Amino acid sequence: MQNQTEKKMTNHQLTINGKQEGLMTGVDSVIAFAQNRIALTLTDGAKVFVAGIGLKITAFSKTDGTFRAVGLVTGVSYGSKSFTAKIFK
């Protein structure tokens with residue numbers, strides 16, 4: 001039986017197109033953004049950090065959970081700021 005304090009994991013999808021564009025579904029909110037880092041909260045409460053150069057948010061819909069940013073994407077990490085699980089360099 002699942003612990004009542006555990007948040008239900010929901011699906012999300014992350015697509016990086018040529019390191020120049022990031023698309024994500026399952027996004028609840030944008031916590032913070034700058035040209036070199038974007039912090040997001042997913043609908044299940046997990047945190048996602050996108051690192052890059054010249055990042056710019058071009059779309060975000062809280063209603064359907066979609067997010068889009070352009071710029072040079074250099075890494076993505078899940079969890080806290082101290083935890084890094086880079087997908088690519």
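If you read the sequence from its start, that first residue is 1, and numbering goes on from there. Just so it is clear, the structure is predicted and the values come from calculations on it, not from any experiment.
Residue Phe60 qualifies as enclosed at atom CZ: its count of foreign heavy atoms under 6.0 Å is above 12. The environment of Gln35 atom CD is sparse: at most 12 non-hydrogen atoms of other residues, nucleotides or ligands sit within 6.0 angstrom.
Atom CZ of Arg37 is separated from atom CG of Leu55 by 10.5 Å, given to the nearest 0.5 angstrom. Atom-to-atom distance recorded for Ile57:CD1 and Leu40:CG is 7.0 Å, nearest 0.5 angstrom.
Scored by the side-chain hydrogen bond (donor to acceptor under 3.5 Å, both in side chains) test, Asp64 finds Ser61, Thr66 as partners (sequence neighbours excluded). Glu21 is linked by a side-chain hydrogen bond (donor to acceptor under 3.5 Å, both in side chains) to Asn17, Arg68, counting only residues two or more places apart in sequence or in another chain. Partners of Lys62 according to the salt bridge (Lys or Arg N to Asp or Glu O under 4.0 Å) rule, which considers only residues two or more places apart in sequence or in another chain, are Asp28.
Listed by chain and number, the hydrophobic cluster partners of Leu23 come to none, as no ILVMFWY side chain reaches under 4.5 Å of it. When hydrophobic side chains of Ile, Leu, Val, Met, Phe, Trp and Tyr are connected at separations under 4.5 Å, Ile31 ends up as a singleton with no cluster partners.
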Using side chain to side chain contact (heavy atoms under 4.5 Å, CB included), reason through Val76 and Leu14 one step at a time and then give a plain yes or no.
CA-CA 10 Å; Val76 177; Leu14 171 65; 3.8 Å; yes
Check step by step if side chain to side chain contact (heavy atoms under 4.5 Å, CB included) holds for Val50 and Val73.
CA-CA 7 Å; Val50 179; Val73 178; 4.1 Å; yes
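Between Ile38 and Ala69, the shortest heavy-atom contact is CD1-CB, 3.9 Å. Pairing each heavy atom of Gly79 with each of Phe49, the nearest pair is O-CE1, 2.7 Å.
Residues Phe33 and Val70 are members of separate hydrophobic clusters, defined by side-chain heavy-atom contacts under 4.5 angstrom among Ile, Leu, Val, Met, Phe, Trp and Tyr.
A distance below 6.0 Å separates the ring centres of Tyr78 and His12.
Side-chain contact check for Lys47 versus Leu42: every heavy-atom pair is 4.5 Å or farther apart.
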